[in-house]
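Step one of this worksheet: look at the structure below.
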There are 4 protein chains.
Amino acid sequence: MKEGKRKVIIDAAASIFARDGFDRAKMEDISSQAGIGKGTIYEYFKSKRDLFQEVIKHAVDVYIELLKGIGAEGRPFEEKLADFIQLHKELLEKHRDLANLIMKEPRDVTESTRRYFQSVKKDVVDVAVNLLDSAIQKGEVRDINRRMGAQIILGVTVSLLTAGLMRDEDWDIDDAVDIILHGISK
Amino acid sequence: MKEGKRKVIIDAAASIFARDGFDRAKMEDISSQAGIGKGTIYEYFKSKRDLFQEVIKHAVDVYIELLKGIGAEGRPFEEKLADFIQLHKELLEKHRDLANLIMKEPRDVTESTRRYFQSVKKDVVDVAVNLLDSAIQKGEVRDINRRMGAQIILGVTVSLLTAGLMRDEDWDIDDAVDIILHGISK
Amino acid sequence: MKEGKRKVIIDAAASIFARDGFDRAKMEDISSQAGIGKGTIYEYFKSKRDLFQEVIKHAVDVYIELLKGIGAEGRPFEEKLADFIQLHKELLEKHRDLANLIMKEPRDVTESTRRYFQSVKKDVVDVAVNLLDSAIQKGEVRDINRRMGAQIILGVTVSLLTAGLMRDEDWDIDDAVDIILHGISK
Amino acid sequence: MKEGKRKVIIDAAASIFARDGFDRAKMEDISSQAGIGKGTIYEYFKSKRDLFQEVIKHAVDVYIELLKGIGAEGRPFEEKLADFIQLHKELLEKHRDLANLIMKEPRDVTESTRRYFQSVKKDVVDVAVNLLDSAIQKGEVRDINRRMGAQIILGVTVSLLTAGLMRDEDWDIDDAVDIILHGISK
DNA sequence: AATGAATGAGGGTTCATTCAT
DNA sequence: GATGAATGAACCCTCATTCAT
């Protein structure tokens, strides 16, 4: 029961933080969104900042968990890459604003949260690095700087998605994969 | 004189907004950074929001102006692409935080500013689209979806730069250009 | 059993009120000090204020009881006076903070508590008045205004003790008695 | 002008703190008592605590200044003693509650304020000690422990006055002086 | 035109009290 | 009876904005 309410608060907070950003989010809005009293939040979280950190941590955990599912061996790199993009697409469609919280670099939080963010970003890049590494070893991909390649994959993915290009058109994923794989040169 | 002070305020505001973000930036900090009285800002700008919009507009104008310089005809696409990346690199190095203000989607401003942002982003993509279009017509690049290609170029550029990968390593631009042009596939 | 728990709560409250003062004392601290649940206090006391009043009343009752023991007839005034001071000394040493609660005039309580305090103070002064009265009638003391004399005795006692002058030096009591009795004039 | 308003705030705060105590005093009450806006206080004082400290410091400064006036040489100890009591009497009549703030030991302030309080108390006792010392040297008073004697004088003074005994009866000062000088013994 | 003192709406946080279990 | 999770009134403090000078 207790943990249940914690979750309710985190979900409400996620939606309000995502809508309004950290500074403009009001604890009262969060509490009413959660269907509880304003003071109740403080039974579960020390402060607004603390709540924010937990929201982020939760969102990130879900995200990382999903990401890890992609690595499964034995499938061609091309498919994994499509999955990687598809995953982000779904994530962004379902939790557009929350995704922003993860992708962007917020200035309004503890140094420790900032470090956490950095480490998360690194985790995400690492997933891409692993995808690449395995593909390079199998000879599917030429031997480029893995970290840079991973960064490029992530950047293309995020920028395509946040640009809203792919919102309704599934074929775009394949095109994106094609461009990442073969470039744009004739 | 009047316009001179306006500029002073915008510069000060740019530096404070970049440092603290919109919500945490204090009008008092801006005024003292500008070396003027707190009330004076309101002689030139209606409100904090208004000031912020002007700051963004100014930064964007400079940015767009620089971007337009790249289009110059007669040079190979590869060079233009390198210039495009180089321009962003310099911009990000000089005005890292301000650049964020432009690249990110701020939730803390007027709907009208949001629209302005959208149009700016479109302008930026348009520059890339034009680069691509001209290259496609010259046969330098295969006939991909121009807007998507442009978005990919931008995504690669921004993500590489914000990742800090290139901070001190100039060769990276060529590698990035290579990957954009020829992809990562063997 | 019921009364037993009441006593436990009063003792816990006394220690917390003494440590933190009325306003800063937290009901939760009191309950955990008492080893019971927060809500349980309200089974025994209507409110924080009510609890405070009971704490005071209890402390005062103990105090008054001790005071009354001094009056015993047949002993010289000088000894009684020394006892009076000694009693306060012990009281202050054992329950320094609680003693403050009694001696001082708290502004943070009901008018009725204030009146109670007044009456307690009067009781204490009365004890001193009785000491004096009996001494005056026996000719041990000159015929001064009894109430003023009593107030003086009390004032000297409390001020000496709270000043911490006598904390470790027993002889001081005799000196104090001497000065009260014979004044400071040559 | 600026200092003028500071003084206005301190006076208002003194009256509210005196009436309600530190914890219950509301900044809003203080501001409205001062006839200014709530935020204005914070232009002059960092926080409620800071304001409180300044109030105390101010009250104490006035008090110490008045006390020092008593020491003037060449007058008999008896007169000085009467002046000492008279001074406290007037002080308590005019600023009864504020006087309490000085005399009592508040638990709700910085350690540094507590130390300041201690030092003030010492100053006050020192004045009394000096009175006594000079009297002892002139042979007006027998050679008692000066600090204890001083504490006794202060105790008698304060206890008589806070008891409200002397509120309207001027003769009491002489009686008090008499008792301090000659004791109560026949 | 320029200033900065004054303002007060707004929001995070605390904690006495309630009440369902 | 005993509990402690839930509540929301209350209060300190910040800071964008105004306006008298």
Side-chain angles (χ1 to χ4, degrees), chain A residues 1-2 4-6 9 20 22-32 34-52, chain B residues 1-2 5 9 22-32 34-52, chain C residues 1-2 5 9 22-32 34-52, chain D residues 1-2 4-6 9 20 23-32 34-51:
Chain A
M1 192 70 196
K2 195 141 190 264
K5 186 154 296 184
R6 218 186 118 88
I9 294 172
D20 297 340
F22 178 79
D23 280 309
R24 309 206 150 196
K26 290 178 237 172
M27 293 303 268
E28 193 151 18
D29 284 356
I30 292 173
S31 74
S32 75
I36 60 174
K38 187 163 41 146
T40 307
I41 297 178
Y42 289 87
E43 296 285 325
Y44 295 84
F45 303 92
K46 250 193 355 277
S47 65
K48 188 183 185 184
R49 251 150 128 110
D50 182 45
L51 174 57
F52 184 69
Chain B
M1 191 67 196
K2 190 141 192 269
K5 188 159 293 189
I9 294 172
F22 178 79
D23 280 309
R24 309 205 152 196
K26 293 179 221 166
M27 293 302 269
E28 189 149 22
D29 284 356
I30 292 173
S31 73
S32 77
I36 60 173
K38 196 176 6 168
T40 308
I41 297 179
Y42 289 87
E43 298 288 327
Y44 295 84
F45 303 92
K46 235 181 27 261
S47 66
K48 188 185 186 184
R49 253 156 131 108
D50 182 46
L51 173 57
F52 183 69
Chain C
M1 192 67 196
K2 189 141 192 270
K5 189 160 293 188
I9 295 171
F22 179 79
D23 281 307
R24 311 205 152 195
K26 294 179 220 165
M27 293 301 269
E28 189 149 21
D29 284 357
I30 292 173
S31 74
S32 77
I36 59 172
K38 195 172 13 162
T40 308
I41 297 179
Y42 289 87
E43 298 289 327
Y44 295 84
F45 303 92
K46 235 180 28 261
S47 67
K48 188 184 185 184
R49 253 151 128 113
D50 181 45
L51 173 57
F52 183 69
Chain D
M1 193 69 196
K2 195 140 191 264
K5 186 154 296 185
R6 219 185 117 87
I9 295 172
D20 298 340
D23 281 308
R24 312 208 145 193
K26 290 179 238 172
M27 293 303 268
E28 193 150 18
D29 284 356
I30 292 174
S31 73
S32 75
I36 61 174
K38 187 168 33 151
T40 307
I41 297 178
Y42 290 87
E43 297 286 326
Y44 295 84
F45 303 92
K46 252 194 353 276
S47 66
K48 188 183 186 185
R49 252 151 127 108
D50 182 46
L51 174 56

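So you know, we letter chains A, B, ... as the sequences are listed, proteins then strands, and number each from 1. From a predicted model like this one, the values you see are computed outputs, not experimental measurements.
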OP1 or OP2 of dA6(E) under 4.0 Å from side-chain N/O of Y44(D): yes
What N/O pairs connect the protein and nucleotides 12-14 of chain F at under 3.5 Å? Give each pair on its own line.
residue	atom	partner	partner atom	Å
dC12(F)	OP1	A25(D)	O	3.0
dC12(F)	OP1	K48(D)	NZ	3.0
dC12(F)	OP2	M27(D)	N	3.1
dC13(F)	OP2	Y42(D)	OH	2.8
dC13(F)	OP2	K48(D)	N	2.9
dC13(F)	N4	K38(D)	NZ	2.7

Once you round to the nearest 0.5 Å, how far does NZ of K48(B) lie from NZ of K26(B)? 10.0 Å
When you compare the side chain of F45(B) with that of M27(B), does any pair of heavy atoms fall below 4.5 Å? no
From NZ of K5(A) over to C1' of dA6(F), roughly how many Å is that when rounded to an integer? 7 Å
If you take all heavy atoms of D20(A) and R24(A), which pair is closest and at what distance? O-CB, 3.3 Å
Nearest 0.5 angstrom please: D29(D) CG to K38(D) NZ, how far? 11.0 Å
Let me know the distance between CD of E43(B) and P of dT17(F), rounded to the nearest Å. 14 Å
Of the nucleotides dA6(F), dA2(F), dT3(E), which has the atom closest to the T40(B) side chain? dT3(E)
Rounded interatomic separation in angstrom, taking CZ from F52(A) and C1' from dG12(E): 16 Å
Using whole Å, report how far CD1 of I41(D) lies from P of dT7(E). 10 Å
Given atom CG of D29(A) and atom P of dG8(F), what is their separation to the nearest angstrom? 15 Å
For dA9(E), the Watson-Crick or wobble partner whose two distances fall under 3.5 Å: dT14(F)
Can you tell me the pairing partner of dA16(E) across any strand shown, Watson-Crick or G-U wobble, with both distances under 3.5 angstrom? dT7(F)
Both distances under 3.5 Å, Watson-Crick or G-U wobble: report the partner of dT21(F), or none. dA2(E)
At their closest point, which heavy atom of S31(B) faces which heavy atom of G37(B), and how far apart are they? CB-O, 3.7 Å
Comparing G35(D) and G37(B) on DNA chain E - which has the more 5′ nearest nucleotide: G37(B)
Roughly how far, to the nearest 0.5 Å, is NZ of K5(A) from OH of Y44(A)? 5.0 Å
Looking at CG of L51(B) and CD1 of I9(B), how far apart are the two atoms once the value is rounded to the nearest 0.5 Å? 7.5 Å
Rounded to whole angstrom units, what separation is found between the CD1 atom of I9(D) and the C1' atom of dT7(E)? 13 Å
